[in-house]
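Counting begins at 1 with the first residue of the sequence. No experiment lies behind these values; they were computed from the predicted model shown.
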Amino acid sequence: MIKIPFYRLGSWKHPKYGTLSGTEQKLSQFIQNFKSGVLGREPFIRIGHDKDNINTFGTAKALAWVKDIIQEGDVLYALAEATDPKVEEDIKTKKYRFASAEYEDNYINKETGNGVGTVLTAIALTNEPFLTRLPENIVLSDNSEEFYLDYKEEKSMDEFMKKLSDFFSALTLKLGTQTEPAKGNKEEDKDGKLLAEVEDMKKKLADIEKANEELAKSNTNIQKKHGEAEIDLKLSEMKGKGIPPALCDSAKVILLASPSAEVIKLSDGNEKKLSDLVYDLLEAFPESARVNF
């Protein structure tokens, strides 16, 4: 997964498009329209922008597909899943440090014919972005501030440890039930030494299993605290936009009580994360009824 900063709060003078303004409303439209699926597909990542005089379009390869858009402080980030490991390597080695968004400010929904505001269509990796002071692209697995727990890998490790423990137990039982040789026999010394080594290995294995359990418990707590911090940050942004604090506090109770990845099925057959629906409902709160802080 790669994390690509593509827009931020600010204002820029473009020689062709005039003044480009990054407002809170515009950033919210980027997120809202992505989560609502207005474009009808996921935006994709490519290298550079197409020139205006090209004869064809639609031939650009997707180096990654955008899976989510989040706001951190003044910056919008796209979380994208790479289709080629080379794009991750190019970002790691600083070959493409920045990004430039391709979007429409007054996008018309093709299915309804209604204007929906700003919609992201693609993102170009480039070292010459027009927007200034954007953070650099990163590969999330290399970010020391991010923590990921691969449940399947952890489960596989548990199974391996159990099989290893069963093997040593069976070996100990087999050696212990063998017919004892005559006292002073060299085979007796050999078996005794092997049993001692097995017991020592079993003890070390038990210590590893215990450490593994403690690490898994610690990881769960870290993930829980991280999730709570993200909820607090998001709801603080909502309050800053004028959403009544009481409404945000009620939403927090729902978000904390539900798994972060819980998905519900909508009446139109589509599926959506419960947390996204809660945030969407808050964003839909009428402007006229919002609190002016």
Check [X] against [Y] and note the closest heavy-atom contact, atom names and distance.
| X | Y | answer |
| --- | --- | --- |
| Pro5 | Lys3 | CD-O, 3.7 Å |
| Pro129 | Phe98 | CG-CB, 3.7 Å |
| Arg8 | Thr132 | NE-O, 2.8 Å |
| Lys13 | Phe130 | O-CZ, 3.1 Å |
| Ile70 | Glu72 | CD1-OE2, 3.4 Å |
| Ser100 | His49 | OG-NE2, 2.8 Å |

Would you check if Ile243 and Arg290 make a side-chain contact, meaning some heavy-atom pair closer than 4.5 Å?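 Sidechains of Arg290 and Ile243: in contact.
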Side-chain contact, heavy-atom cut-off 4.5 Å: Asp68 with Val66?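 Result no, sub-4.5 Å side-chain heavy-atom pair not found.
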Keeping Glu199 on the side-chain end and Met201 on the backbone end, is there a donor-acceptor pair under 3.5 Å?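 Judged by distance alone, no pair lies under 3.5 Å.
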Between Thr93 and Glu89, is the side-chain hydrogen bond (donor to acceptor under 3.5 Å, both in side chains) condition met? List the steps. CA-CA 6 Å; Thr93 56; Glu89 185 63 26; 4.9 Å; no
So does [X] have more than 12 non-hydrogen atoms from other groups sitting under 6.0 Å from [atom1]?
| X | atom1 | value |
| --- | --- | --- |
| Asp207 | CG | yes |
| Lys86 | NZ | no |
| Arg41 | CZ | yes |

Does [X] sit in a hydrophobic cluster with other residues, and if so which ones, taking ILVMFWY side chains as linked at heavy-atom separations under 4.5 Å, directly or through other members?
| X | answer |
| --- | --- |
| Val119 | Val38, Leu39, Tyr107, Val116 |
| Leu281 | none |
| Leu233 | none |
| Trp65 | Phe44 |

Honestly curious: do [X] and [Y] fall in one hydrophobic cluster under the side-chain, below-4.5 Å linking rule?
| X | Y | result |
| --- | --- | --- |
| Met238 | Leu256 | yes |
| Tyr17 | Ile123 | yes |
| Leu120 | Ile108 | no |

Check the pair Lys61, Ile47 against side chain to side chain contact (heavy atoms under 4.5 Å, CB included), reporting the backbone distance first and the verdict last. CA-CA 9 Å; Lys61 295 180 180 179; Ile47 300 295; over 6 Å; no
Can you tell me how far apart [atom1] ([X]) and [atom2] ([Y]) are? Round to the nearest 0.5 Å.
| X | Y | atom1 | atom2 | result |
| --- | --- | --- | --- | --- |
| Asn127 | Lys94 | CG | NZ | 11.0 Å |
| Gln71 | Leu9 | CD | CG | 6.0 Å |
| Lys67 | Met1 | NZ | CE | 8.0 Å |
| Lys252 | Lys234 | NZ | NZ | 15.5 Å |
| Asn212 | Leu205 | CG | CG | 10.5 Å |
| Glu88 | Thr83 | CD | OG1 | 9.5 Å |

Taking Asn137 as the fixed residue, which of Leu125, Ile2, Ile45 is the one that meets the side-chain contact (heavy atoms from CB on, under 4.5 Å) rule?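 The passing option is Leu125.
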For Tyr103, which residues count as a ring pair (Phe, Tyr, Trp, His ring centres under 6.0 Å) partner, sequence neighbours excluded?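 Listed in chain order: Tyr7, Phe30.
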Is it true that Lys241 and Ser28 share a donor-acceptor pair across their side chains at a distance under 3.5 Å?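 Lys241 and Ser28 do have a side-chain donor-acceptor pair below 3.5 Å.
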Ring pair (Phe, Tyr, Trp, His ring centres under 6.0 Å) pairs, two or more places apart, involving residues 235-258: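 Non-adjacent pairs meeting ring pair (Phe, Tyr, Trp, His ring centres under 6.0 Å): zero.
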Would you sort out whether Tyr279 and Leu255 count as a side chain to side chain contact (heavy atoms under 4.5 Å, CB included), showing the intermediate values? CA-CA 10 Å; Tyr279 293 134; Leu255 292 167; 3.6 Å; yes
Would you call Lys239-Asp249 a salt bridge at under 4.0 Å N-O?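 Result for this pair is yes, salt bridge flagged.
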Could you give me the CA-CA distance, side-chain angles and deciding distance for Gln29 and Gln25, then say whether side chain to side chain contact (heavy atoms under 4.5 Å, CB included) is met? CA-CA 6 Å; Gln29 288 177 354; Gln25 181 182 13; 3.7 Å; yes
